[in-house]
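Below, chains carry the letters A, B, ... as their sequence lines are ordered, and counting in each starts from 1.
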Amino acid sequence: MASQATEVRSDLSQQDAVVVRFAGDSGDGMQLTGGQFTLSTALAGNDLATFPDFPAEIRAPQGTLFGVSAFQINFGAREVNTAGDAPDVLVAMNPAALKVNLPSLKPGGLVIIDTGEFTKRNLDKAKYDVNPLEDDTLAKFDTLKLDISAMTVEAVKPFGLGNKDALRCKNMWTLGLALWMFDRPREPLQEWLRNKFKNKPDIADANIAALDAGHAYGETAELAGPLRQVHLDPVPTAPGLYRTVTGAEAVSLGLVAGARLLRLPMFFGGYPITPASAILHHLAKLKEFNVTTFQAEDEIAAICAAIGASYAGSLGVTSSSGPGIALKGEAMGLGIMTELPLVIVNSQRGGPSTGLPTKTEQSDLYQAVYGRNGDAPMPVIAARSPSDAFECAIEACKIAVEYMTPVMLLTDGYIANASEPWLVPDPESYERTPAEFLTEKNGPDDTLLPYKRDSKGARPWIRPGTPGLMHRIGGIEKAVDTGHIDYAPDNHQAMTDARMNKIANIAVADQEIELGAKGGKLAVVGWGSTYGPIHQAVRRAIAKGLDVSHIHVRNIWPLPANLGELLHSYDHVLVPEMNTGQFKTILRDQFLVDAESLSKTSGQPFAISELESAIARCIDEKCGGQVEVNDDQLPSPVGDEA
Amino acid sequence: MNAPVKIETTLKDWETDQEVRWCPGCGDYAILKAVQRTLPQLGADPSNTCFISGIGCSSRFPYYIESYGFHTIHGRAPAVATGVKLANPDLDVWLITGDGDGLSIGGNHMMHVLRRNVNMQIMLFNNEIYGLTKGQYSPTSRPGTTSPSTPGGSIDQPAEPCAFALGAGARFVARGFDVSKKLPEVLKAAHAHKGAAFIEIFQNCIVYNKDVFNEFAAPKGAEDNQLWLENGQPMLFAKGEKGLTLNHDTLRLEVVDVVDGDWEAAKVIRHDVTNRAIAHMLVELPFGPFPKALGVIYDDPAPAFEEQVVEENKRLSEGKEPNLAALLAKGQTWTVEG
């Protein structure tokens, strides 16, 4: 059972946050296990962040290294902003899962292994020459070797399932054990299982039996010694109603809320693509909110139909990921030229080309800001977390209609799939600004001027079907005010300027400082889903006495008016990004600031420790050192978040 | 859907103040006039009419019709028009495209707008050439077409627009040509059809592909070369002296002589616009041995896409309150006490 390496074992009960990773074959139901464990953790009142990491293949061959699916959760008795660096606990359901995930386990961490899967065949598939349970592979760790497969089969025996079906309950056995380990109630899970298998009560009962058996095993094992139960107190948080939300859910809800605050029907045109499809799936279920969803024949049709719907008076929305966004480029230009409202959601993934469909990256920033033919300015907003995506979606809808422009909302694979607790907002607390349509001619002498601009530079929205306001629009350059075709040099200059100025003058909130203060040695400037690790790394650096601040930018284009001055108030600016330095380049270009890039393009989020090291190095090298920081004070490279 | 209100207009009401920028003598002028003549006869309301086009000579069309108009991007007009119809099913939408726009760069969207059966009139101006980009061969150009991009003559087999439309699942397929006096009748039939109505209009590009349709469109010999189809009527041409019959052994159409107007004796078949198999045969008839089949070739309505979407949205909304606060608080929640 437990190894003898107890002297290196982490004492989880002394930590205020724990990172657990469930890893198994993609057919083992690890995402489901992780999702349910997340829910029970949220219900227990711990703060949490998750990181689902699954293969691009639908059903990768069983037992292979590339078929490993993992779900990591970081939860604590205090605020948690990231899915955690190195896991404290790894659950490995087969040899491949062990091989892929063991290198990231914290030294002294606990690994729980289903020995029933460590057959010759599976060891071969995982490319283990020697069974890792029999050599010193696991020496550095605390190990719990259990034949989960056999115990599951035994537990579900009364329900008469075949061996294959019986083994499918393994994940519930494991979940039961995890629930026991972290002192979680089983009842919500049992209820969920009964509901999920409403029409197959046998399957429900078998899964519940497996869950109970795993839980019971924990209780018994504790009596015998090796396993300890860990209890994390609920986090003191703002009072109110909470739920967990993924980024894809939050975007969908934000779009629905945004359209309703504008009193507009929403039209969503989408085309299946990972990881953006979830938004289409969510919205397809919300028809009662005056939402029409349309699965188009391709990415181009999805955005073009959304433009058509906006032209006809709905709020057109489309969503995709990098490759699909590339296809939508020309149509975005049409939206910009015809000055119609449109929201484009880009759930970024690793690129270029098909790249890493299920992995996260922030490498579509140039594409968002610059990626169109002609001078085609477009506002860009980046969400920092799943719950922030709700607010960003509302802002995107508002800007699109107020300024008659396409708007791009950036999330990424991490935000789309990750979930976190969310203080459910009160819709009444948002400003309602019903969209206005032109109903009468707006020019002198009973003429219509479809491109007459208001004080914000926006043209009127004219719904076809409105009596007497017939007019023509299109992608060809149009004359100032009238919108007639006009190629004249002065006119193109005037219209180009008008489009640029309209976007440049969009009112965005002043940039705030997340941590630290204005002025000083180092500002760490981030955008998007790097928020969590940057925040934690800067917090720890400040705690060590380093002069560093965290600035996190939501409005990528136009940038907040005060940002340049703010950045110039620091000696040095470090920009961590999951790309090769795109935002860094924009900041340098816009503000002539000597920003340095910290780049990561591994398809994995930043670890807090990576950022901490970079901050310490920056302070040391670029800012002439500051305080004595010796290696002992730095957290271990794979340190937890404590 | 609200019943359309008939409006009294004249041809002049459908003219815009914009200078028409087609080459002098272009077949597009005749099509424009035919449409402007047809719209008053339909009782169409300019405020409720919307012309949507892609890119190409044909796609300049919306600028010259006094209605709502959207000149979109190359090939994508069917997708834009689909969004327009889904957002406002009451609008009367006309889609204007060409052989390059609608069958080459936009072939995919054309397939899907037809298969979905979105209620609109789709006018595909076929001149078998790229005009606006100065004369390259197009997906409907005949093999051997000499053009700047095919100096040795084009090699690939052309697409047959009406066969494409039928293959894609179109429920209305018709043909006409620019200067034909019968074009307004074809347009009216298309308008009366609920669903996607596909009309191929042979259009004479006098600069890059002059008179390429003269073999059947020229006034001289028109009687022999044009088979104007009418539902329920025998398939007769050449002043009733010839007709089409179906050979029951080979399952092919054949030309037969009609003596003394006795078409029944010659076994000439009647046109049935709901016969999809015959429609396929008619659009594929090789010109020469056969006349060009024109008019309404196929017309067999099915439920329109946007109406079904509206119904589906209604059905899925039934008994559900659009309560945003409740939606946000959905799922398993917990309360943190203050």
Side-chain angles (χ1 to χ4, degrees), chain A residues 39 42-43 45 188 234 237-244 253 256-257 260 265 267 269 286-290 292 294 296-298 300-301 304-314 316 330-331 334 338 424-428 463-476 484-485, chain B residues 16 18 21 45-53 55 62-63 65-88 90-91 108-109 111-112 309 312-318 320-322 324-325 327-338:
Chain A
L39 199 57
L43 290 171
T237 42
L241 185 71
Y242 283 80
R243 62 173 283 191
T244 59
L253 295 172
V256 170
R260 284 186 88 73
F267 175 92
L286 299 177
K287 299 286 167 32
E288 68 271 28
F289 290 91
N290 214 349
T292 295
F294 173 59
E297 58 270 25
D298 61 25
I300 299 170
C304 284
I307 289 172
S310 278
Y311 169 64
S314 289
E330 186 192 10
L334 179 68
T338 52
V424 177
D426 175 9
E428 296 302 322
R463 259 188 302 220
T466 308
L469 300 190
M470 292 82 72
H471 66 287
R472 274 65 55 190
I473 61 169
I476 292 187
H484 294 320
I485 290 180
Chain B
T16 63
Q18 296 300 292
R21 300 190 188 196
D45 176 0
S47 295
N48 201 51
T49 302
C50 190
F51 279 80
I52 301 174
S53 64
I55 292 291
Y63 291 112
I65 295 268
E66 184 58 27
S67 71
Y68 285 92
F70 198 166
H71 180 206
T72 72
I73 45 179
H74 206 12
R76 318 304 173 194
V80 174
T82 299
V84 167
K85 282 299 279 187
L86 286 172
N88 184 356
D90 292 341
L91 285 175
N108 188 36
H109 307 302
M111 170 168 108
H112 292 282
V309 170
E312 177 74 350
N313 286 355
K314 213 177 281 172
R315 188 178 70 78
L316 293 173
S317 304
E318 252 165 48
K320 291 186 189 165
E321 274 297 312
L324 187 57
L327 174 69
L328 300 185
K330 223 173 156 184
Q332 264 177 304
T333 57
W334 65 97
T335 303
V336 174
E337 301 296 343

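- Considering only heavy-atom pairs separated by less than 4.5 Å from chain B, the leading option among Gly45(A), Ala309(A), Gly475(A), Gly313(A) is Ala309(A).
- Separating the CZ atom in Arg76(B) from the CG atom in Leu334(A) is a distance of 11.5 Å, to the nearest 0.5 Å.
- Under the side chain to side chain donor-acceptor pair (under 3.5 Å) criterion, Asp426(A) pairs with no residue, sequence neighbours left out.
- Of the listed residues (Gly269(A), Pro234(A), Ala301(A)), the greatest number of heavy-atom pairs within a distance under 4.5 Å of chain B belongs to Ala301(A).
- For the options Gly474(A), Cys304(A), Pro188(A), Pro427(A), heavy-atom pairs under 4.5 Å to chain B are most numerous at Cys304(A).
- No side-chain heavy atom of Ile473(A) sits less than 4.5 Å from a side-chain heavy atom of His71(B).
- At a 4.5 Å heavy-atom cutoff, the contact between Leu286(A) and chain B is made by side-chain atoms alone.
- For a residue to count as touching a neighbouring chain, one of its non-hydrogen atoms must lie under 4.5 Å from one of that chain's; by this rule Arg21(B) touches chain A with the side chain only.
- With a threshold of 4.5 angstrom between heavy atoms, Ala257(A) approaches chain B through its backbone and through its side chain.
- Looking at Pro265(A), neither its backbone nor its side chain comes within 4.5 Å of chain B, counting heavy atoms on both sides.
- Here the straight-line distance linking atom CZ of Phe267(A) with atom CG of Asn88(B) works out to 13.0 Å at 0.5 Å rounding.
- Interatomic distance, Arg472(A) CZ to Ser53(B) OG, rounded to the nearest 0.5 Å: 12.0 Å.
- Arg243(A) places a side-chain N or O within donor-acceptor distance of the main-chain N or O of Leu328(B), the cut-off being under 3.5 Å.
- Here the options are Phe51(B), Phe70(B), Tyr68(B), the test is ring-ring contact (aromatic ring centres under 6.0 Å, His included), and the partner is His471(A); only Tyr68(B) passes.
- Between chain B and the options Thr466(A), Leu43(A), Val424(A), the largest number of non-hydrogen pairs under 4.5 Å is found for Thr466(A).
- In this structure, chain A has a heavy atom under 4.5 Å from the backbone of Glu337(B), while its side chain stays farther away.
- Chain A forms more heavy-atom pairs under 4.5 Å with one residue of Asn108(B), Thr49(B), Thr82(B) than with any other, namely Asn108(B).
- At least one side-chain heavy atom of Asp298(A) sits less than 4.5 Å from a side-chain heavy atom of His109(B).
- Of the listed residues (Ser314(A), Pro425(A), Ala42(A), Ala312(A)), the greatest number of heavy-atom pairs within a distance under 4.5 Å of chain B belongs to Ala42(A).
- When heavy atoms are compared at a cutoff of 4.5 Å, Ala331(A) approaches chain B by way of both its backbone and its side chain.
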Test log, rule salt bridge (charged side-chain N to carboxylate O under 4.0 Å, His left out), inputs Lys287(A) and Glu318(B): CA-CA 9 Å; Lys287(A) 299 286 167 32; Glu318(B) 252 165 48; over 6 Å; no
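- Chain A forms the most heavy-atom pairs under 4.5 Å with one residue out of Ala79(B), Ala87(B), Gly69(B), Ser317(B), and that residue is Gly69(B).
- Heavy atoms closer than 4.5 Å to chain B are found in the side chain of Thr338(A), but not in its backbone.
- Using a 4.5 Å cut-off between heavy atoms, Leu241(A) contacts chain B through both its backbone and its side chain.
- Residue Ile307(A) holds its CD1 atom at 6.0 Å from CD1 of Ile73(B), rounded to the nearest 0.5 Å.
- The heavy-atom pair separating Glu330(A) from His74(B) by the smallest distance is OE2-N, 4.1 Å.
- By the salt bridge (charged side-chain N to carboxylate O under 4.0 Å, His left out) test, Glu288(A) is found to be paired with no residue, residues two or more places apart in sequence or in another chain being considered.
- Taking OG1 from Thr292(A) and CD from Glu312(B), the interatomic distance works out to 11.0 Å, rounded to the nearest 0.5 Å.
- Side-chain contact check for Thr16(B) versus Met470(A): every heavy-atom pair is 4.5 Å or farther apart.
- With a threshold of 4.5 angstrom between heavy atoms, Tyr242(A) approaches chain B through its backbone and through its side chain.
- Side chains of Thr72(B) and Tyr311(A) form no contact here, defined as non-hydrogen atoms less than 4.5 Å apart.
- Counting heavy-atom pairs under 4.5 Å between each of Ala238(A), Pro464(A), Ala296(A), Pro239(A) and chain B puts Pro464(A) at the top.
- Between the Ser47(B) side chain and the Gly468(A) main chain, a donor and an acceptor come within less than 3.5 Å of each other.
- Chosen from Thr335(B), Val309(B), Ile52(B), the residue pairing most often with chain A at heavy-atom distances under 4.5 Å is Thr335(B).
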